[in-house]
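Each chain gets a letter, A, B and so on, in the order its sequence line appears, and its residues count up from 1. On a predicted model such as this, the values are computed, not experimentally measured, just so you know.
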Amino acid sequence: MSTVDLEAVTTPAVATRQGRAVLRRFLRNPLAVIASLVFLAIVLSAVFALWLAPYGANFTKLALVTAPPGEEFLLGGDGAGRDVLSRLIYAGQLTLAGSFLTVLVAAGLGVSTGLIAGYFGGWFDRFGGWMANFLIVLPGTIVLVAMFTLIGPNIIITMVVLGVLIAPNFFRLVRNLVISVRNELYVDAARVSGLSDGRIISRHILSVVRAPIIIMAASVWGIAIVVQAGLEFIGLGDPTTPTWGSMLLDAYNNIYIGRHLLLPPGLMIGLTVGALILIGNGLRDALNGEEAIMVAPRQRVKDTARAAVAVPSVPEALLEVHGLSVGYAGRDGSTKTVVRSVGFTIARGEILGLVGESGSGKTQTALSVLRLLPEGGMVTGGGIWLEGQNLAGFSDAQMQAIRGRRIGYIPQEPMSNLDPLFRVGSQLCEPLQVVGGLSRQEARDKALALLERVGIADPHRVFMSYPHQISGGMAQRVLIAGALSCDPDLLIADEPTTALDVTVQAEILDLIRDLQAERNLGVLMVTHNFGVVADLCDRVAVMRGGEIVELGPVNDIFARPQHDYTRTLLASTLEDAPVRPPLVPRPPRQQSAGAEA
Amino acid sequence: MSTIATTNLLEVDELTVHYGKFQALKGVSVTLAPGETLGLVGESGSGKSTLGRAVLGLAEVSSGSIRYLGREISRLDRAGRRALSREIQVVFQDPYTSLNAMLSVGDILVEPLLVQGTNGAKARERVQELLDQVRLPSDAATRLPREFSGGQRQRIAIARALAINPQLIVCDEPVSALDLSTQARVIDLFIEIQERTGVAYLFISHDLAVVRAISHRVAVMSGGKIVEQGPADQVTSAPKDDYTRRLLMAAPVPDPIAQAERRRARLAQAGKVPA
Amino acid sequence: MTGYVIQRFASAMLLLLTITAVAYGLIYSGGAEVSRSILGELATDEQVAAKNVELGLDQPLPIQYGNWLANAVRGDLGRSWFSAERVSDAIASRLGVTLSIVSVAILICTVISVALGAFAAVRRGWWDRAVQIVSVIGEALPNFWVGLLLVATFAISLRLFPATGFVPLNRSPLGWLSSITLPVTALVIGGVASAAAQVRGALIDVLSRDYIRTLRARGLPENRVILRHALRNAAPAAITVLSLQFIGMIGGAVMIEKVFALPGMGTLAIDATVRGDIPVIMGVLITMALIVVVVNLFVDLANAWINPKARLA
């Protein structure tokens, strides 16, 4: 069929494309490259032992029993007068092969069952999960020791059994990955496109699970080497073939007379396993790609902020931001600027809207006022004044005293902003007691009063609830109560209604408006929604690409936008878009003619 | 009576869907004519997405029927569903998770063609046509989804849905994740494609303004039921149902004076004294 | 909560039952040859048959298992085929050795890895790098080899600690401490290496969550945010990692006990294995499985205690 060869043409191209990017990042990680070379050298030396080793594995020279390193035996002789270096090279063969067998068995068994369990679910998934739990709680080493009674010194079977014992790790990894992928929309889209299960697994699911499997395989290979060495060390190995574990046993038996025997096999195991771990880590970093930014130590944020220019502030303003720039440190030491010379003021009792599309820098601006930028972010220029005090000069401890008491914060996503492990009441009382200095009972009373104030019908029940037991709208009310708990003068609201349904949004906007009027709060309202701006704000700043392009009273901006970008945005709102003309009836196609018709 | 009016593309009748014990759809009936857009609007948990998923065969139907060109499709097996994939396609909300990040745009677009047995050269040709239709550069085929913005990704998803010339596309919140200016352009693209190809849309959104801009008719859902259904203009500007009215009044309009008016009206309606 | 406890407990019992059944089936299926191997090659068929009856090996496997289980529930694990010592006595005298090493090791490991992991996660920068590199090295070296190095250095060269042997705690606390110091050190080095890295990862993940930023925005002191909220949220991951370390150490004790010639469960297992002393092997296996099942039960309950979602589900 023609479809088959098309797939054959396209699929490898996909793999190489994605693979190449990962490989490039992997090769840029020096530690991972060195580890790969070391591991390769160890594997090759084991493969070519016959040519590399100076002597045979069992070549014996009685004069050199436990001899220290010397000219003839470079690393000395072992307890039976054999060359340690040669045995070390030969020992790589069975050690690497045996442990690799474990990897193959564990991955083969775990991946195949994990794929089926994850993709099809049902009884197989339950049974597999139970088996995995069963195998994982077995004390592996003891089982392998007990196995010795049944099968004797057979390292191959032992390593296969170890593979079975380790397989649950692959099973769980693959199953969980597959379940997460199975619920991805692109798998739904593939299903709607009519792809068969086999095609979906090979095209969409294998590509996602492949890399994590390789990473886990590297770590399992290391574990298998150590376990194998351990079993041989306690005398359950095959005495006829050299392995690093049996060499350690020999060293143990001669620990009083030939201490030099201890180092070579141990270091060899350490080097091999360490290389495998580093390869796995390097691969993981390469897959995560650009996300793995080098994180600058905290200190830097403070220093650059202190270096800010001293600008006379507007004394009557509650908040003044002047020439503010925010940047993120890249891995190569460069700085990526996300906010450029932004300035605005907020008076007491005023609501300023900060409106813009994604990536405009509006949230970054808001968070830098609180000095709560995500990791790597820092204020690179300008200043922030709260009632005439320059916050740039504040220490972290002083900033902490500002947060909560002077500036309150309402986040965007209600559910993810409550600590899931604490009751709502405890989360409200904690700042009241710690920051506000209230007693336990006072805090409780005030928290209940706040819950009631933000419109929660049954404050006692919500007070005793955990976050997962309340709805999103209610959680947002709780967060507003939290933001106001220590009576701040300024409220920073970062898209506080974006995650909510419209009817709930209207209620929350009403609540914010009421509270603002009641407490004469200054509010910085970050939003992408011009309707919210029109509803709530006194003035508005329009941001694009990290800059404010236009700032002014709401009525002026909506009625007479000066900047082209503001005009474009306002024109894009759909509220007054024309309705479609009536449908012209047409007959359906009775048979689909296909793409080519 | 016109004979054409009776040939509906899609007829959903008394449809009920359960998720475990939860009844997501409680006897929903809608129809869709060829080339028509039916806007489905409602808040989270209203069942609007479930209806879309049931039409796509992604949600199990408890009772009721879904007929496509008169043929029952609510309980099709895998093979029947595959045959139907020529006719019904989908565009999902999230342009980030609806495209496999590991596949190139070309591979994503080829996927539905592969299933239909289109051969290599023809398929590549079709991919170029599709990219052209959704106004993406022709070299897009060799690039990965992450090289594109949200709006561009949504264009890719639309191209994928169009690949095999379906007669119906289920659009599940396709512009909700997009920025304002992008949203308007993508809606224009949807309309333009419909006018050119005659495809019908079942267009799901939580946003009355979006639904108003693209739909011929609108159905409002709440609690697994349809509370109001009618011409787009009437439902979105002069709703008859209480819930629809609340929905309309709750959405803030981007005009301070009009919004102040709407707020006053809403609070009066709810029996609260305006602030 | 009670329902959850009962459910976890029942599942643990079921698991234990399965482990014993599978182990019994596997080990005793080859048991017919046992009598001959005990009596030696010269024994007559009659002697072998008599021995079979004596050991109960003439009965069908399920009945053998049933008898064994009925006795095991009462604490009777049979007698060693070679020394006639009661298996339960043999285990009782050895278990203390293994448990004292492993529990002391896991306690120290918990303290160090949580402290180190938290420090790396909070400070980041070069400290973080250092912790990561040290943990790779620690993870790569087999703990019994580290034990051998410790013996060679501190016991044989410097003579600071005894190279071998165990002193019970009730005989001489100081002697006990001195006899377990090196084995515990060997176990701790490897344990800390992997546990610290995982605690670090879990904590970094938690610290990037939205609610941490909101807590900071409320003006809570950084120490409080980390100690009360972040660590608690990272705790389930840490507990799981440490429990796996504990299970690994119990198994790894076999090698460590050989290195230090300690009369623990591992040594008992090796001796019994080499001799083919099946009742003892079975007893060791069951004891170990019981410990592991109990540890897992505690992990489940601890996680449920921490996480209301699991508890209230």
Side-chain angles (χ1 to χ4, degrees), chain A residues 1-3 5-7 9-10 14 17-18 184-186 188-195 204 207-208 357-358 501-503 505-506 509 513-514 517 528-535 554-555 558 568-570 572-575 577 579-580 582-583 585-590 592-596, chain B residues 4-5 7 9 33-36 43-44 56 58 69 82 85-87 89-90 92 94 97-100 102-104 107 110-115 117-120 122-123 126 163-165 167 179-181 184 198 209-210 212-213 216 232-233 246-247 250-256 259 263 275:
Chain A
M1 283 214 342
S2 56
T3 54
D5 41 57
L6 181 62
E7 177 138 7
V9 173
T10 53
V14 176
R17 220 193 128 68
Q18 180 69 17
E184 290 283 354
L185 290 173
Y186 63 77
D188 277 342
R191 220 169 267 156
V192 172
S193 291
L195 253 68
H204 292 286
S207 60
V208 174
E357 305 201 317
S358 50
D501 277 328
V502 242
T503 49
Q505 163 172 294
L509 291 176
R513 178 183 310 100
D514 290 353
H528 69 282
N529 186 331
F530 274 102
V532 170
V533 173
D535 186 58
V554 162
N555 286 336
F558 277 93
T568 318
L569 280 184
L570 284 172
S572 307
T573 56
L574 293 163
E575 271 70 13
V579 183
R580 306 260 317 257
L583 177 70
R586 63 165 95 206
R589 264 186 287 151
Q590 276 307 325
S592 178
E596 296 77 32
Chain B
I4 291 168
T7 18
L9 195 61
E36 186 186 34
E43 297 190 287
S44 50
L56 291 166
L58 296 172
L69 290 176
R82 194 176 314 175
S85 69
R86 272 171 177 270
E87 306 282 325
Q89 275 299 320
V90 66
F92 285 115
D94 189 342
T97 61
S98 68
L99 305 175
N100 186 343
M102 302 276 188
L103 298 184
S104 74
D107 284 313
V110 150
E111 189 163 84
L113 299 170
L114 272 178
V115 181
T118 316
N119 71 34
K122 272 246 173 73
R126 177 74 183 144
I164 40 185
N165 267 337
Q167 293 206 71
D179 276 327
L180 200 56
S181 52
V210 166
R212 176 184 164 88
H216 297 99
D233 196 26
R246 278 222 308 281
L247 207 58
V253 277
D255 174 350
Q259 173 55 22
R263 185 170 65 230

Measure distances from A/Ser358 to the heavy atoms of chain B and classify the residue's part below 4.5 Å as side chain, backbone, both or neither. both

Would you say that B/Leu180 contacts A/His528 through its side chain, given a criterion of any heavy-atom pair below 4.5 Å between the two side chains? no

Indicate yes or no: at least one non-hydrogen side-chain atom of B/Ser85 is less than 4.5 angstrom from one of A/Arg191. no

So what's closer than 4.5 Å to chain B heavy atoms on A/Gln505: side chain, backbone, both or neither? side chain

Please classify the contact between B/Leu9 and chain A as side chain, backbone, both or neither, with a heavy-atom cut-off of under 4.5 Å. side chain

Would you mind telling me which of B/Gly35, B/Gly198, B/Ala232, B/Ala184 has the largest number of heavy-atom pairs within less than 4.5 Å of chain A? B/Gly198

Residues at least two apart in sequence or cross-chain that pass salt bridge (Lys or Arg N to Asp or Glu O under 4.0 Å) with A/Asp501, listed by chain then number, are none

Using a cut-off of under 4.5 Å for heavy-atom pairs, which of A/Val579, A/Val192, A/Leu574 has the most such pairs with chain B? A/Val192

Inter-residue atom distance B/Gln259.CD - A/Phe530.CZ, 0.5 Å rounding: 14.5 Å

Options B/Pro256, B/Ala250, B/Ser98, ranked by heavy-atom pairs under 4.5 Å with chain A, top entry: B/Pro256

How close do B/Phe92 and A/Asp188 get, counting heavy atoms only, and between which atoms? CZ-CB, 3.5 Å

Nearest heavy atoms of A/Val502 and B/Glu43, plus distance in Å: N-OE2, 3.4 Å

Report the option among B/Pro112, B/Pro252, B/Ala251 that has the most heavy-atom pairs separated by less than 4.5 Å from atoms of chain A. B/Pro252

Winner by heavy-atom pair count (cut-off under 4.5 Å) against chain B, out of A/Asn555, A/Leu195, A/Leu569: A/Leu195

Find the distance between OG (A/Ser193) and CD1 (B/Ile164) and round it off to the nearest 0.5 Å. 6.0 Å

Would you give the length of the straight line joining atom CZ of A/Arg586 to atom OG1 of B/Thr7, rounded to the nearest 0.5 angstrom? 12.5 Å

Identify the heavy atoms of B/Val90 and A/Ala189 that sit nearest to each other, and give their distance. CG1-CA, 4.3 Å

What verdict does the side-chain contact (heavy atoms from CB on, under 4.5 Å) test give for B/Glu111 and A/His204, after you've listed the backbone C-alpha separation in whole Å, the side-chain angles of each residue and the deciding distance to 0.1 Å? CA-CA 11 Å; B/Glu111 189 163 84; A/His204 292 286; 2.6 Å; yes

Once side chain to side chain contact (heavy atoms under 4.5 Å, CB included) is applied, do any residues pair with A/Leu583, and if so which ones, sequence neighbours excluded? B/Ala33, B/Glu36, B/His216

If I measure from the heavy atoms of chain A, does B/Asn100 come under 4.5 Å with its side chain, its backbone, both, or neither? both

